[in-house]
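Below is one structure, written out as structure tokens; comments come after it.
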Amino acid sequence: MRSRIASSIRNYLDDNGFLDIETPILTRATPEGARDYLVPSRTHPGQFFALPQSPQLFKQLLMVSGLDRYYQIAKCFRDEDLRADRQPEFTQIDIETSFLDEDQIMDISETMIRGAFKEHLDVDLPEFPRMTHKEAIYRYGIDRPDLRISMQLVDIADLMKEVEFKVFNAPANDPASRVVVLKVDGGSELSRKQIDEYTDFVGIYGAKGLAWVKVNDIDAGIEGLQSPILKFMPDDVVASVLERAEAKSGDILFFGADKAGIVNEAIGALRVKLGEDLDMLECEWAPLWVVDFPMFEQDEKDGSLTSVHHPFTAPSCTPEELEAAPAAALSRAYDMVLNGTELGGGSIRINKPEMQQAVFRVLGIEAEEAEEKFGFLLNGLRYGCPPHGGIAFGLDRLVMMMTGSQSIRDVIAFPKTQSASCLLTDAPGTVNNKQLRELNIRLREQPKAESAESDGGSE
RNA sequence: GGGGGUGUAGCUCAGUUGGUUAGAGCGCUGGCCUGUCACGCCAGAGGCCGCGGGUUCGAGUCCCGUCACUCCCGCCA
């Protein structure tokens with residue numbers, strides 16, 4: 001299946017004038033935020049190659065050079081911990097084009113994915129709706145909503161400003177916080193034990209608790225409700241909440257009140273978990289595009305800004321507007337999401353040096369540092385660079401979803417374990433002192449006794 | 001770095017309150033049958049119960065430690 005999907009994607013891109021161009025594996029750090037895998041250089045003592053986290057810089061240089069339709073099924077490397085849908089060595093369908101805007105790139109991509117589903121699963125995916133990042137967070141608490149589940153987060157902070165219940169009124173009066181209600185159809189069947197389990201579940205995202213109201217009989221007013229928190233709220237507030245949540249008999253309402261980030265993650269995850277546990281998936285495939293991402297996100301600790309996508313993503317405003325209000329700036333980035341999984345994402349890139357420098361300034365990257373790290377790209381922009389943009393899809397994730405696999409490792413021929421080792425080859429392994437000497441490397445800590453024995457004779 | 005789950009035959013798993021020779025299905029070996037083709041019947045081989053320690057008359061089962069795999073949080077788009 002993986003082989004056939006890759007093949008049909010190649011055919012599609014070949015037929016549409018894309019050139020398959022390989023890019024180096026031994027290279028420099030690329031601008032994604034993950035840890036790099038490093039490879040020591042023998043010919044340059046003390047220096048290291050980095051394995052690419054993506055071919056990002058190379059594909060942009062191809063656009064500078066005038067090759068206006070590039071693709072590659074490329075290996076990418078990010079030295080971070082694994083998940084069911086993540087391993088440190090993975091494969092991207094990497095695409096870049098010149099002279100196309102975001103709508104055209106999304107069209108090409110959508111056609112490609114829809115074609116793959118039709119050809120291999122005989123599934124006709126619906127037209128992909130578009131949702132802004134803001135709306136996704138607001139309604140689903142996450143930037144990759146699973147639209148198979150229709151439940152949504154409903155804000156009620158305005159109703160809770162005056163209630164004498166600190167858990168609710170404090171966040172309700174704090175602009176950085178959020179108070180939401182999640183109505184679960186038929187959820188009043190849940191037992192106390194199950195509710196406790198969901199309370200524990202939201203706890204792993206930092207939520208301090210999970211308030212709830214069972215709606216036993218909507219027509220019986222307060223008497224028809226069952227909840228530990230009713231005593232803290234005036235009847236008219238309760239009535240307003242029920243109305244806004246469109247509650248009916250047999251439902252349960254869950255509440256989240258905390259810092260916005262915690263509420264979004266906790267109740268957003270709860271939404272999906274309830275949807276799965278209670279069998280509330282309304283369709284098999286729910287794709288969408290998420291657009292209008294913010295340019296930057298703020299570090300919670302030191303307040304510094306980092307790119308939401310990567311620092312070459314074009315904003316949808318001028319350099320002046322960007323520098324005046326960076327936190328409010330939106331980017332020309334787009335993510336394809338299927339069933340709550342990000343399948344791919346991309347953006348229109350910056351093609352003017354002034355804009356690129358403005359972004360670096362906002363990110364706190366000195367001109368000198370920018371020149372040292374990305375000088376070859378900046379030079380390209382100075383020589384004149386066509387407007388361009390692209391997208392990259394996680395091939396492993398795509399195949400995983402199309403085959404109904406639970407783990408990315410089920411669709412990778414020689415997968416790494418969760419600790420990023422290979423059981424088959426026993427990699428990574430120790431190397432002997434001769435190799436280390438050639439590379440000008442001395443280990444800070446000697447290997448454990450048994451592996452040290454193998455020094456000098458592991459061939 | 002933190003929390004949870006799992007580890008029993010080649011594979012997938014069961015093993016009740018601690019109790020005799022640790023079981024099933026599939027696979028494998030041998031035999032029988034056969035118009036078979038995901039055959040059927042009979043017999044058989046195959047298990048340091050992840051590893052180390054402890055409690056106990058007695059541990060697959062309880063306790064402590066350790067290792068591996070896995071899911072999640074952190075991290076990572």
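By convention in this document, chain letters (A, B, ...) are assigned in the order of the sequence lines, proteins followed by strands, and residues within each chain are numbered from 1. We use all heavy atoms of the structure for the numbers below, so side chains are in, but hydrogens, waters and symmetry mates are not.
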Q | Residues from residues 391-416 of chain A lying under 4.0 Å of RNA chain B - heavy atoms | A | A:S407, A:R409
Q. If you measure from the C1' atom in B:rU12 to the same atom in B:rG47, how many Å do you get, rounded?
A. 16 Å
Q. Can you check the A:D426 CG to B:rA68 C1' distance for me, whole Å?
A. 12 Å
Q. Between A:H309 and A:Y205, which is nearer to the 5' end of RNA chain B once each is assigned its nearest nucleotide?
A. A:Y205
Q) Excluding sequence neighbours, so at least two apart, what forms salt bridge (charged side-chain N to carboxylate O under 4.0 Å, His left out) with A:E369? A) A:K373
Q | Atom P, compared across B:rA14 and B:rU8: separation rounded to whole Å | A | 10 Å
Q: Identify the nucleotide, in any strand shown, that forms a Watson-Crick or G-U wobble pair with B:rA24, with both distances under 3.5 Å; if there is none, say none.
A: B:rU12
Q) Would you say the side chains of A:T23 and A:Q72 form a donor-acceptor pair under 3.5 Å? A) yes
Q | Residue pair A:S8 / A:R10, side-chain donor-acceptor N/O under 3.5 Å | A | no
Q. Partners of A:T111 by side chain to side chain donor-acceptor pair (under 3.5 Å), sequence neighbours excluded?
A. none
Q) What residues form a salt bridge (charged side-chain N to carboxylate O under 4.0 Å, His left out) with A:D107, not counting sequence neighbours? A) none
Q: Find the distance A:Q87:CD to B:rU70:C1' and express it as a whole number of Å.
A: 14 Å
Q: Let me know the distance between CD of A:E297 and C1' of B:rC76, rounded to the nearest Å.
A: 11 Å
Q) What is the pairing partner of B:rC69, taking Watson-Crick or G-U wobble pairs with both distances under 3.5 Å in any strand? A) B:rG5
**Q.** Between B:rG60 and B:rC51 - C1' atom distance, rounded Å
**A.** 14 Å
Q: Mind checking side chain to side chain donor-acceptor pair (under 3.5 Å) for A:K75 and listing every partner two or more places apart, or none if nothing turns up?
A: A:E89
Q. Watson-Crick or G-U wobble partner for B:rU61, using a 3.5 Å limit on both distances?
A. none
Q: Quick one: look up who B:rG74 pairs with, Watson-Crick or G-U, both distances under 3.5 Å, and put none if it's unpaired.
A: none
Q) Would you say the side chains of A:S41 and A:Q47 form a donor-acceptor pair under 3.5 Å? A) no
Q.
Tell me which residues in residues 77-86 of chain A lie within less than 4.0 Å of RNA chain B, going by non-hydrogen atoms.
A. A:R78, A:E80, A:D81, A:R83, A:A84, A:R86
Q. Over how many whole Å does the gap from A:R35 atom CZ to B:rG74 atom P extend?
A. 14 Å
Q | Qualifying side chain to side chain donor-acceptor pair (under 3.5 Å) pairs with a residue from residues 325-334 of chain A, counting only residues at least two apart or across chains | A | A:E102-A:R332
**Q.** Non-neighbouring partners of A:R86 that pass salt bridge (charged side-chain N to carboxylate O under 4.0 Å, His left out), sequence neighbours left out
**A.** none
Q. With A:D146, which residues qualify under salt bridge (charged side-chain N to carboxylate O under 4.0 Å, His left out), at least two apart?
A. A:R148
Q.
For the C1' atoms, the ones on B:rA9 and on B:rG44, what distance do you get once it is rounded to whole angstrom?
A. 14 Å
Q: Counting heavy atoms from C-beta on, name the nucleotide in B:rC69, B:rC72, B:rC76 closest to the side chain of A:T417.
A: B:rC69
**Q.** Rounded distance in Å between the C1' positions of B:rC67 and B:rG50
**A.** 8 Å
Q: Could you give the distance separating B:rC33 and B:rA43 at their C1' atoms, to the nearest angstrom?
A: 15 Å
**Q.** Partner nucleotide of B:rG30 by Watson-Crick or wobble geometry (both distances under 3.5 Å)
**A.** B:rC42
Q. What interatomic distance, in whole Å, is found between P of B:rU36 and the corresponding atom of B:rC41?
A. 14 Å
Q. Toward the 5' end of RNA chain B, which comes first, A:S421 or A:D335, by nearest nucleotide?
A. A:S421
Q: Take the protein atom CD of A:E265 and the nucleotide atom C1' of B:rC72, then report the distance between them rounded to whole Å.
A: 13 Å
Q. What integer distance in Å separates A:Q53:CD from B:rA77:P?
A. 6 Å
Q) To the nearest angstrom, how far is A:L424 atom CG from B:rC69 atom C1'? A) 16 Å
Q.
Exactly one of A:F168, A:F165, A:W212 should register a ring pair (Phe, Tyr, Trp, His ring centres under 6.0 Å) with A:F255. Which one does?
A. A:F168
Q: Rounded to the nearest angstrom, tell me the gap between atom CG in A:L270 and atom C1' in B:rC72.
A: 15 Å
Q.
Taking B:rG23 as the reference, what is the distance to B:rG15 when you measure between their C1' atoms (whole Å, please)?
A. 7 Å
